[in-house]
Amino acid sequence: MKALVVDDEKLIVKGLKFSLEQDGYEVDCAYDGQEAIDKARDKEYDIMLLDLMLPVFDGYQVCQQVREFSDVPIIMLTAKGDMDKILGLEYGADDYITKPFNILEVKARIKAIIRRNRRKTPTVQEEPKVIVSGSMKLDIDAKRLYIDEKEI
């Protein structure tokens, strides 16, 4: 699992990174909006934790630009109030957590979003495995052998 943590507060990034790595995540970090957009464009992530107040581009702008090329689940993190939550969700965030936050709640929300996204992802249907050689056909999935179109 790959996570992108975006916040200009280095202590928050360090804490989230450490905690997620303890759960087996591969974690990349960005400290401003442009860096976040660049990393999201260069690599696929399973989750993005995105602070609202960032240098260069704010969290709204990052969310809006990332949504143009990716459907990565985004959880916004901020110390701001209800109106900011509404705006964040309108710009494409999947969830919103206010600071200060409990890391256990953050992890639980990440798991819930990833679980929900996996259910939405359509399963790829495999082609039936068939081997044909001359007049002989072996259907591996059906465990049937045919010679001259007659089942043996």
Side-chain angles (χ1 to χ4, degrees), residues 1-132 137-144:
M1 298 296 272
K2 294 180 214 118
L4 177 59
V5 176
V6 186
D7 200 312
D8 60 333
E9 294 181 50
K10 291 189 180 354
L11 283 175
I12 288 176
V13 172
K14 186 176 179 179
L16 285 168
K17 182 178 187 334
F18 176 80
S19 186
L20 291 172
E21 285 176 342
Q22 296 302 303
D23 284 359
Y25 283 83
E26 176 187 318
V27 181
D28 289 339
C29 305
Y31 300 94
D32 67 54
Q34 183 63 60
E35 187 181 10
I37 293 165
D38 293 342
K39 287 190 179 203
R41 193 180 310 275
D42 292 342
K43 190 172 182 181
E44 273 192 43
Y45 293 96
D46 298 295
I47 193 78
M48 178 189 288
L49 300 175
L50 177 62
D51 184 33
L52 187 57
M53 302 301 291
L54 294 168
V56 186
F57 293 113
D58 66 28
Y60 299 130
Q61 293 168 310
V62 171
C63 190
Q64 194 171 29
Q65 287 189 44
V66 168
R67 282 293 170 248
E68 291 176 9
F69 60 84
S70 174
D71 60 354
V72 61
I74 297 173
I75 299 176
M76 285 199 157
L77 306 171
T78 190
K80 294 203 163 203
D82 288 341
M83 198 58 189
D84 292 304
K85 287 181 187 180
I86 294 165
L87 277 174
L89 295 168
E90 290 290 327
Y91 275 95
D94 296 280
D95 203 351
Y96 208 102
I97 299 174
T98 53
K99 294 178 183 177
F101 51 79
N102 180 323
I103 191 63
L104 297 176
E105 179 185 359
V106 173
K107 288 178 170 186
R109 287 177 183 257
I110 289 171
K111 287 176 187 170
I113 287 173
I114 289 174
R115 187 173 53 246
R116 197 166 48 245
N117 265 23
R118 283 205 178 122
R119 267 191 242 128
K120 281 195 281 185
T121 305
T123 56
V124 177
Q125 208 162 15
E126 289 186 33
E127 291 292 316
K129 294 180 180 82
V130 177
I131 300 170
V132 177
K137 180 171 112 179
L138 176 62
D139 184 336
I140 297 170
D141 290 334
K143 298 179 182 161
R144 298 180 191 269

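Along the sequence shown, the residues carry numbers beginning at 1. Note that this is a predicted model, so its numbers are computed, not measured.
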Side chains of [X] and [Y] in contact at under 4.5 Å (non-hydrogen atoms):
| X | Y | value |
| --- | --- | --- |
| Ile97 | Ile75 | yes |
| Val62 | Val6 | no |
| Tyr96 | Thr78 | yes |
| Lys39 | Asp42 | no |
| Leu49 | Ile110 | yes |

Point-to-point distance, once rounded to the nearest 0.5 Å, from [atom1] of [X] to [atom2] of [Y]:
| X | Y | atom1 | atom2 | result |
| --- | --- | --- | --- | --- |
| Leu11 | Leu16 | CG | CG | 11.0 Å |
| Met76 | Leu52 | CE | CG | 5.5 Å |
| Asp95 | Ile47 | CG | CD1 | 8.5 Å |

Results of side-chain hydrogen bond (donor to acceptor under 3.5 Å, both in side chains) for [X] - residues two or more places apart only:
| X | answer |
| --- | --- |
| Lys111 | none |
| Ser70 | none |
| Gln61 | none |

Could I get the full list of salt bridge (Lys or Arg N to Asp or Glu O under 4.0 Å) partners for Arg41, not counting sequence neighbours?
-> none
Using salt bridge (Lys or Arg N to Asp or Glu O under 4.0 Å) as the criterion, list what pairs up with Asp58, not counting sequence neighbours.
-> none
Would you find a donor on one side and an acceptor on the other, under 3.5 Å apart, between the side chain of Arg67 and the backbone of Val72?
-> yes
Report yes or no: does Asp94 contribute a side-chain atom to a donor-acceptor pair with the main-chain N or O of Ile74 at less than 3.5 Å?
-> yes
List the atom of [X], the atom of [Y], and the distance in Å for their closest heavy-atom pair.
| X | Y | answer |
| --- | --- | --- |
| Ala93 | Cys63 | N-SG, 3.5 Å |
| Asp32 | Pro55 | CB-O, 3.5 Å |
| Ser19 | Ile103 | OG-CG1, 3.2 Å |
| Pro73 | Asn117 | CG-ND2, 2.9 Å |
| Met48 | Ala40 | CE-CB, 3.7 Å |

Would you list the pairs meeting salt bridge (Lys or Arg N to Asp or Glu O under 4.0 Å) in which at least one residue belongs to residues 8-17, sequence neighbours left out?
-> Glu9-Lys99, Lys17-Glu21
Quick one: list whatever passes side chain to side chain contact (heavy atoms under 4.5 Å, CB included) with [X], sequence neighbours left out.
| X | answer |
| --- | --- |
| Asp71 | none |
| Glu26 | Lys2, Lys43 |
| Asn102 | Leu104, Glu105 |
| Glu44 | none |

Could you please spell out the steps behind the side-chain contact (heavy atoms from CB on, under 4.5 Å) verdict for Val66 and Leu50?
-> CA-CA 11 Å; Val66 168; Leu50 177 62; over 6 Å; no
Hey, could you give me each pair passing ring-ring contact (aromatic ring centres under 6.0 Å, His included) that has a residue in residues 4-32? Not counting sequence neighbours.
-> none
Only pairs at least two apart or in different chains count here, so list each ring-ring contact (aromatic ring centres under 6.0 Å, His included) that has a residue in residues 44-67.
-> Tyr60-Tyr91
Stepwise side-chain contact (heavy atoms from CB on, under 4.5 Å) check, Asp51 with Ile12 = CA-CA 10 Å; Asp51 184 33; Ile12 288 176; over 6 Å; no
